[in-house]
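Each remark here refers to the structure printed beneath this line.
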Amino acid sequence: MSTDNTRDFVHEGYDVAYVQEKWLPVWDNLAPFKSGRPDDNRPKKYVLDMFPYPSGDLHMGHAEAYALGDVIARYWVQRGFNVLHPMGWDAFGLPAENAAIKRGIDPAVWTYENIAVQRASMRRYACSFDWDRTFNTCDPEFYRWNQWLFIQMFERGLAYRKASNVNWCPKDQTVLANEQVVAGLCERCDTPVTKKKLTQWYFKITDYADRLLDDMSQLEGNWPDKVLTMQRNWIGRSTGANVLFQIEGRDEPVTIYTTRPDTLYGATFFVVAADSELAAELAKGTAVEKQFAEYLEKIKAASDIDRLATDRPKSGVFLERYAINPVNGEKLPIWASDYVLADYGTGAIMAVPAHDQRDLDFARAMNLPVRVVVETGEEDPSVSGIATAGDGALINSGPLNGKPKDEAIAFINAQLERDGLGKAGRNYRLRDWLISRQRYWGTPIPIVHCESCGEVAVPLDQLPLKLPEAAGLDLKPKGTSPLGAATDWVNVSCPKCGKPAKRDTDTMDTFVDSSWYFLRFPSSTDHTQAFRSEDVNAWLPVDQYVGGITHAILHLLYSRFVTKVLRDMDMISFDEPFMRLLNQGMVAMDGSAMSKSRGNLVKLSDELVTHGVDAVRLSLVFAGPPEDDIDWADVSPSGSVKFLNRAWRLSGDISSAPGIDYSLGDVTLRKATHKAVNDAGFAVESMRFNVAIARVMELVNATRKAIDSGCGPSDPAAREAVEAIAIMLSLIAPFTAEEMWERLGHKPCVALVGWPKVDESLLIADALVAVIQINGKIKERIEVSPLISDDQLEISALAHPTIVEALKGATVTKVVTRAPKIVNIVISNP
RNA sequence: GCCCUCGUAGCCCAAUGGCAGAGGCAGAGGACUUAAAAUCCUCCAAGUGUGGGUUCGACCCCCACCGAGGGCACCA
């Protein structure tokens, strides 16, 4: 027995600490959630919780997510499915490296220590994971397949290196993918991101933009709309046209992208991104070259955050050069400005101030002409200052005059294409995924740079390309990868020609690891390949994915991308990795997110000691809909303790023997049981876990009453009810459920006994109360058979004394009857 | 500025267009107890953010507004 006397539940309840210790070894031994048994004929389901970063022990957020994932996984096990519910660690990344620098130890040591702590906590938290399949991404046996994946990408032209102005986090001293920059700040440390010109590795996710967008139709209704919207916004597809403009004094024309080719006749000037090469070229040798250079310096100094402010006044420099509008030969003055982005489209635009607000703002600031070419019926933009973006008949537009927008676009696109001056095109906001990182604790990029052969992939039989030992390396962030200092590691002979060459010293973004880890679980013990296609195709796609909304774009978009690449390689047979997605809410305290600095941190370990594992799990799941945030101040773990004790006490009251024939039991209680089982199952399948728990609470209350003042403890219905309660509770409160099951005279595991079978005939109530309304207002209630017909109910309603009285002198215009629930009598005069 | 979601007892939350309350927390009273705790029983409370509309009937569907949260926001 426990000697801990700080707990508040010792009184009439069971000893939680003792029960927890009692069952863990039993479960270890029975391994109820092992999913790899070869003779297992059960249908398959794959339930996956996003794997954690091992930054310390588990916290309340983990506790909520894993409690929810567990309800789903355990439910499908009870329903007779062979459930794959694995767990692993997203073990590469900066926190380990930063901790290692601080303490002067190997990041691996810190990482593996934390993994051990988390794993032990997950066991004590009774997570239904299949531990046979676990892995850590920092293990060479995992990351060698990261390297394999990289080489597959490289060989297909989907991994490439280019020089570009990249996002740079000055604090972490590494580059970031676009997805890792949130509102101009580093997603990880909130430091303002700067730009740096670097040659880096990219994955060509833009090749998959259309499929990433279009395949979302498969996810509609099964993923939160919010996430789908965020991904759509992120990909940002637009349709329009690419149009060639000649530049005076330049041989080559310049292509611009526009979504409104119908407004070509309304172009009154031309703008190039000030930080583009084109701008520099056009400015060169002109009288304004110096002015341009000064402007460029000024805008380069401005941070991304400044640039993001939309109400910033427009600025720019007239380059004293001209572009020729291809449809009417007009000379358009060319300006350089920072309101045009160098890396979207071609970095050059035609400006149509009448119908584009940004162009209008610029025109007004620079005193440039405004020409209306779409008759929208709104006020003249040059007067109102508001560009008119709507549809209408084209004017001042030559052959387009009189046409509506869509027709004009089709016409002009065809004409441009015919004349070789342009054609319809699409553009995306999505950029290629920058995967190089200048840090130590990640997967080495398996490329050798050779002066004669260029970029050469490390031969597959030489994988894993292991990280050099951390000992002796300076891991401090300094803007270049620490791997560069590992001379013996860096200097190799070229795999192709054998001449001296150098390894790539960057490591991969850790999102590469998580972009395919879910494929590894079905065959994680196979060390000859990344995954066995037959196993992956048998288990995947993931039936239910559970994790935080923070990965709405990053991890989920990358995973979808890699899945499609592997599909194209014929290695897997599905397009989308995650069929259903649940984003659990956050756990807050007193109205704000928990944090040490706020002083409102609730320690999971403390809560577990005070209330027990089951009560914490129950509290988190019962607190509300899973996707809602939970305020720990609003939930009552001690209330959960009380409820669990109440349920547990029932199991000790039952005086019948196991195996008794339920059909002889009290019908009223049996009906309550079958309704609860039916409704709770439906609620779980609809992810309304809080409602499922309410149904179990109801049944506990009904059973208490039945035992105390109804059919009594020996009635078979009482046993049926309490056994059903134990089984349903096994999804949420596994210790209590197992303890109840044992007290009911059974052997473990309650987790495997199967969801109680619902007898449909017991779902029909004996008698119901039907409501009689007059003009929608309730006048009377009558007890009726659940099988009553509309006609019978209407007759009884109209014959009821109260109704007869109420209808005196009134004209009945209509009677609406919905047996067995309601009769509504519509009268015209009272 | 645009888009999405949500507003139900003191609080957290339920309710296929059909009796607004399932469940819990908090509160009140009672039983048991020498007393307290625990347990058991009973009770209490909103007319669904506001204003319109559709309907025999609206928390639910439609429109507008108010409030909260989230996403997007020089992407041509």
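Chain identifiers are assigned alphabetically (A, B, ...) following the order of the sequence lines, protein sequences preceding nucleic acid strands; residue numbering begins at 1 within each chain.
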Exercise. Check the distance between B:G70's P and A:Asn233's CG and give it to me in whole angstrom.
Key: 16 Å
Self-check item: Nucleotide forming a Watson-Crick or wobble pair with B:C65, both distances under 3.5 Å
Solution: B:G49
Quiz item: Would you say a side-chain N or O of A:Arg649 is under 4.0 Å from OP1 or OP2 of B:A38?
Solution: no
Quiz item: How is A:Asp631 classified with respect to the nucleic acid when contacts are heavy atoms under 4.0 Å: base, sugar-phosphate, or nothing?
Solution: nothing
Quiz prompt | Partners passing salt bridge (Lys or Arg N to Asp or Glu O under 4.0 Å) against A:Arg371 (at least two apart in sequence or in another chain) | solution = A:Glu330
Quiz item: Of A:Asp225 and A:Met230, whose closest RNA chain B nucleotide lies nearer the 5' terminus?
Solution: A:Asp225
Exercise. Under 4.0 Å between any heavy atoms, over every strand shown, what does A:Thr259 touch: base, sugar-phosphate, or nothing? Just pick one.
Key: sugar-phosphate
Quiz item: Looking at the side chain of A:Ile822, which of B:G18, B:G23, B:C40 is the nearest nucleotide?
Solution: B:G18
N/O to N/O distances under 3.5 Å, protein versus nucleotides 55-59 of chain B:
from	atom 1	to	atom 2	distance (Å)
B:C56	OP1	A:Lys814	NZ	3.3
B:C56	O2'	A:Asn824	ND2	3.0
B:C56	O2	A:Asn824	ND2	2.5

Self-check item: Residue A:Lys705, side-chain atoms from C-beta onward, closest of B:U42, B:G70, B:C13
Solution: B:U42
Quiz item: With a 4.0 Å cut-off, would you call A:Arg426 and A:Asp210 a salt bridge?
Solution: yes
Practice problem: May I ask you to decide whether A:Arg431 forms a salt bridge with A:Asp343, counting only side-chain N to carboxylate O separations under 4.0 Å? | Solution: yes
Quiz item: Mind checking the P distance from B:G23 to B:C60? Whole angstroms is fine.
Solution: 24 Å
Practice problem: Pick base, sugar-phosphate or nothing for A:Ile349, based on heavy-atom distances below 4.0 Å to the nucleic acid. | Solution: base
Quiz item: B:G49 and B:C44: how far apart are their C1' atoms, nearest whole angstrom?
Solution: 25 Å
Exercise. Select base, sugar-phosphate, or nothing to describe what A:Thr813 touches, counting heavy atoms under 4.0 Å on all strands.
Key: nothing
Quiz item: What interatomic distance, in whole Å, is found between P of B:C2 and the corresponding atom of B:C63?
Solution: 16 Å
Quiz item: When rounded to the nearest Å, what value does the distance between C1' atoms of B:G51 and B:C12 take?
Solution: 29 Å
Practice problem: Could I get the full list of salt bridge (Lys or Arg N to Asp or Glu O under 4.0 Å) partners for A:Asp262, not counting sequence neighbours? | Solution: A:Arg260
Quiz item: Under 3.5 Å, is there a donor-acceptor pair between the A:His355 and A:Thr388 side chains?
Solution: yes
Self-check item: A:Trp234 or A:Arg431, whichever maps to the more 5' nucleotide of RNA chain B
Solution: A:Trp234
Practice problem: Could you please name the partner base of B:A20, counting Watson-Crick and G-U wobble pairs only when both distances are under 3.5 Å? | Solution: none
Exercise. Among the candidates B:C13, B:G18, B:C41, find the nucleotide nearest to the side-chain atoms of A:Lys821.
Key: B:G18
Quiz prompt | Rounded distance (Å) that lies between atom P of B:A20 and atom CZ of A:Arg781 | solution = 7 Å
Exercise. Provide the Watson-Crick or G-U wobble partner of B:U55, both distances under 3.5 Å; none if there is no partner.
Key: none
Quiz item: CG of A:Asp653 versus P of B:U39: gap in Å, rounded?
Solution: 14 Å
Quiz item: Side chain of A:Arg646: nearest nucleotide among B:A76, B:C41, B:G18?
Solution: B:C41
Hey, can you pull the donor-acceptor pairs under 3.5 Å for the side chains in residues 581-590 of chain A, sequence neighbours left out?
from	atom 1	to	atom 2	distance (Å)
A:Asn583	ND2	A:Gly547	O	3.1
A:Asn583	ND2	A:Gly548	O	3.4

Quiz item: So with a 6.0 Å cut-off around NZ of A:Lys821, is the heavy-atom count from everything else above 12?
Solution: no
Quiz item: Are A:Ser238 and B:A76 close enough that a side-chain N or O sits under 4.0 Å from OP1 or OP2?
Solution: yes
Exercise. Spell out yes or no: do the side chain of A:Arg688 and the base of B:A14 have one donor N/O and one acceptor N/O closer than 3.5 Å?
Key: no
Quiz item: Could you give the CE-to-C1' distance, from A:Met697 to B:A14, as a whole number of Å?
Solution: 13 Å
Quiz item: Distance between the C1' atoms of B:U8 and B:C41, in whole angstroms?
Solution: 28 Å
Practice problem: For the side chain of A:Asp708, starting at C-beta, report the closest nucleotide among B:A14, B:C40, B:C19. | Solution: B:C40
Quiz item: For A:Tyr344, which residues count as a ring-ring contact (aromatic ring centres under 6.0 Å, His included) partner, sequence neighbours excluded?
Solution: none
Quiz item: What is the nucleic acid contact for A:Arg426, judged by heavy atoms within less than 4.0 Å: base, sugar-phosphate only, or nothing?
Solution: nothing
Exercise. Report the nucleotide, chosen from B:G70, B:C13, B:G24, that has the shortest atom-to-atom distance to any side-chain atom of A:Lys226.
Key: B:G70
Quiz item: Rounded to the nearest Å, what distance is computed from the CD1 atom of residue A:Ile725 to the C1' atom of nucleotide B:G23?
Solution: 14 Å
Quiz item: Heavy atoms under 4.0 Å, any strand shown: does A:Lys777 hit a base, just sugar-phosphate, or nothing?
Solution: nothing
Quiz item: Does B:A15 have a Watson-Crick or wobble partner in any strand here, with both distances under 3.5 angstrom, and which is it?
Solution: none
Quiz item: Any idea which of B:U39, B:G23, B:A76 is nearest the A:Tyr257 side chain?
Solution: B:A76
Quiz item: Checking all strands, does A:Val635 fall into the base, sugar-phosphate, or nothing category for heavy-atom contacts under 4.0 angstrom?
Solution: nothing
Quiz item: In the structure shown, which nucleotide is the Watson-Crick or G-U wobble counterpart of B:C72, with both distances under 3.5 Å?
Solution: B:G1
Practice problem: Taking atom C1' in both B:G69 and B:A28, compute the distance separating them and give it to the nearest angstrom. | Solution: 36 Å
Practice problem: Among residues two or more places apart or on two chains, list those pairs meeting side chain to side chain donor-acceptor pair (under 3.5 Å) that have a residue in residues 699-712 of chain A. | Solution: A:Arg646-A:Asn701, A:Asp653-A:Arg704, A:Arg704-A:Asp708
Self-check item: B:G1 and B:C65, which share atom name P, separated by this distance in whole Å
Solution: 12 Å
Self-check item: Side-chain N,O (A:Tyr339) to OP1/OP2 (B:A76) below 4.0 Å
Solution: no
Quiz item: Is there a donor in the side chain of A:Gln231 and an acceptor in the side chain of A:Trp223, or the other way round, less than 3.5 Å apart?
Solution: no
Quiz prompt | Anti versus syn assignment for B:G51, with syn defined as within 90° of 0 | solution = anti
Self-check item: Nucleotide nearest A:Asn690 when distance is taken to its side chain, options B:C19, B:C13, B:C25
Solution: B:C13
Quiz item: CD1 of A:Ile707 versus P of B:U39: gap in Å, rounded?
Solution: 17 Å
Quiz prompt | Nearest-neighbour nucleotide for the A:Asn701 side chain, B:G23, B:A20, B:U39 considered | solution = B:G23
Quiz item: Quick one: does NZ or CZ of A:Lys314 land under 6.0 Å from the six-membered ring centre of A:Tyr339, within 45 degrees of the ring axis?
Solution: yes
Practice problem: Take the protein atom CD1 of A:Ile693 and the nucleotide atom C1' of B:G23, then report the distance between them rounded to whole Å. | Solution: 10 Å
Quiz item: With both distances under 3.5 angstrom, what nucleotide forms a Watson-Crick or G-U wobble pair with B:U34?
Solution: none
Practice problem: Kindly point out which of B:C11, B:G23, B:G71 is positioned nearest to the side chain of A:Asp634? | Solution: B:C11
Quiz item: Does any donor atom in the side chain of A:Gln792 or A:Ser789 lie under 3.5 Å from an acceptor atom in the other side chain?
Solution: yes
Quiz item: If the P atom of B:C61 is compared with that of B:A45, how far apart are they to the nearest Å?
Solution: 29 Å
